There are 2 protein chains.
Amino acid sequence: MKTATRADEWMTLLQREGYRQTAARRAIVEVILASQRALEPMEIFECGRKQYPGLGLVTVYRTLEKLEELGLVQRVHQPNGCNMVLRATQGHQHLLICTHCGQAVYFEGDDLHPLFERVAQGSGFDIQDHWLQLFGLCAACQKNPGEN
Amino acid sequence: MKTATRADEWMTLLQREGYRQTAARRAIVEVILASQRALEPMEIFECGRKQYPGLGLVTVYRTLEKLEELGLVQRVHQPNGCNMVLRATQGHQHLLICTHCGQAVYFEGDDLHPLFERVAQGSGFDIQDHWLQLFGLCAACQKNPGEN
DNA sequence: CTGAAATTGAAAACGTTTTTCAATTATAAC
DNA sequence: GTTATAATTGAAAAACGTTTTCAATTTCAG
């Protein structure tokens, strides 16, 4: 399966950084890679336990730290939670999130620099960073408004 | 003082909604109105106590609920906290936040609809809402990089 | 196979937010 | 003013998510 291959990559990257390959970490990595949406640590713990019943919640937190450090996952802020974890993407991309099922899709940000210029001039700020996130209904949830 | 007048307005709005005017609530309202940045509940509690020593933290939480319900304050997500409270503004505006001192300034959002269109077409999503927030250094913090 | 070092899960500690409850206070009616 | 009543209060306790501590286990290099 595809996610297994990607999980291998992540495990190798962990090892390359001096961390060890363990069953607990693999379970966590596979849960994150298999998910289309950002997950809370508790959800990762619960799903991971199905695959590796000995898994502890503390290990989830510790592994997330390392994956974030490696840039493999990203913390996502949502109205319903601000410590949600999603696989990261390369380059500067923004998120589009389904308000119904949570599905998270990355998209290439437009060039917002004209806006930044304007705001910088108006405010005197030196603008360094920005957050942009869109919310809506994904195609599937538009068709099945009742589901879930 | 200006903030006192605005505090009166907020207290009247609370009363109009059937809530009572109390010293605890007034202290909370004045702290929020006097602040240039979003505050954590605990900060509001500590500042509010200087003005009204009997204030309880629970009352802060309960008052914030009501102020949010009335649309007078807004919860702000920041890297260092996701339950920060800021006076709200009319209409659809976005925030520019100083990464050094926390100062928060509202600005009129550009027209992002062309971007939404493009993303909607590419993803099949029906886009309903968006978050846009800019971060940078305010004019004062650019001048005094050392200051706190 | 062996030993050293990293990793583990459970329990305890922690900080934040919510709930519970009896006492107090604001308000409207008199 | 005084009074009745319903909202509001703060403290304590509970609930929640996250972090720390620690002894036991596991990984991995040699």
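Quick caveat: nothing in here was measured; it's all calculated off a predicted structure. No hydrogens, no waters, no symmetry mates; every other heavy atom, side chains included, goes into these values.
Listed by chain and number, the residues in a side chain to side chain contact (heavy atoms under 4.5 Å, CB included) with A/Glu65 amount to none (sequence neighbours excluded). Residues passing the side-chain hydrogen bond (donor to acceptor under 3.5 Å, both in side chains) test with B/Arg118, sequence neighbours excluded: A/Asp110. For A/Glu117, the side-chain hydrogen bond (donor to acceptor under 3.5 Å, both in side chains) criterion is met by no residue, not counting sequence neighbours. For B/Gln21, the side-chain hydrogen bond (donor to acceptor under 3.5 Å, both in side chains) partners are B/Gln15, not counting sequence neighbours.
Side-chain contact between B/Arg25 and B/Lys66 is present, with heavy atoms from C-beta onward closer than 4.5 Å. Looking only at side-chain heavy atoms (C-beta outward), B/Glu17 and B/Leu13 stay at 4.5 Å or farther from each other. When side chains are defined from C-beta on, A/Val105 does not count as touching B/Val119, because their heavy atoms never get closer than 4.5 Å. The closest side-chain heavy-atom distance from B/His130 to B/Gln128 is not below 4.5 Å.
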Just list the side-chain donor-acceptor pairs under 3.5 Å for residues 73-90 of chain A, sequence neighbours left out, or say none.
unit_1, atom_1, unit_2, atom_2, d
A/Gln74, OE1, A/Tyr106, OH, 2.6
A/Arg75, NE, A/Glu68, OE1, 2.9
A/Arg75, NH2, A/Glu68, OE1, 3.4

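Applying the salt bridge (Lys or Arg N to Asp or Glu O under 4.0 Å) test to every pair with at least one member in residues 51-64 of chain B, sequence neighbours left out, gives no pairs at all. Among pairs with a residue in residues 36-62 of chain B, none fulfils ring pair (Phe, Tyr, Trp, His ring centres under 6.0 Å), at least two apart in sequence or across chains. The stretch residues 36-47 of chain B participates, sequence neighbours left out, in these salt bridge (Lys or Arg N to Asp or Glu O under 4.0 Å) pairs: B/Arg37-B/Glu43.
Summarising the geometry, the separation between CG on A/Leu64 and P on C/dT8 is reported as 12 Å, rounded to the nearest angstrom. Summarising the geometry, the separation between CZ on B/Arg26 and C1' on D/dT8 is reported as 17 Å, rounded to the nearest angstrom.
Contacts with DNA chain C (heavy atom under 4.0 Å) in residues 43-55 of chain B: none are found.
Between the CG atom of B/Leu33 and the CG atom of B/Leu72 there is a distance of 8.5 Å, given to the nearest 0.5 Å.
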Show the distances under 3.5 angstrom between N or O atoms of the protein and N or O atoms of nucleotides 28-30 of chain C.
none

Per-nucleotide protein contact string for nucleotides 1-7 of chain C, where B marks a base within reach and S marks sugar-phosphate only (heavy atoms under 4.0 Å, - for neither): ----BBS
Protein proximity profile, nucleotides 14-24 of chain D - base contact B, sugar-phosphate-only contact S, no contact -, cut-off 4.0 Å on heavy atoms: ---SBBBB---
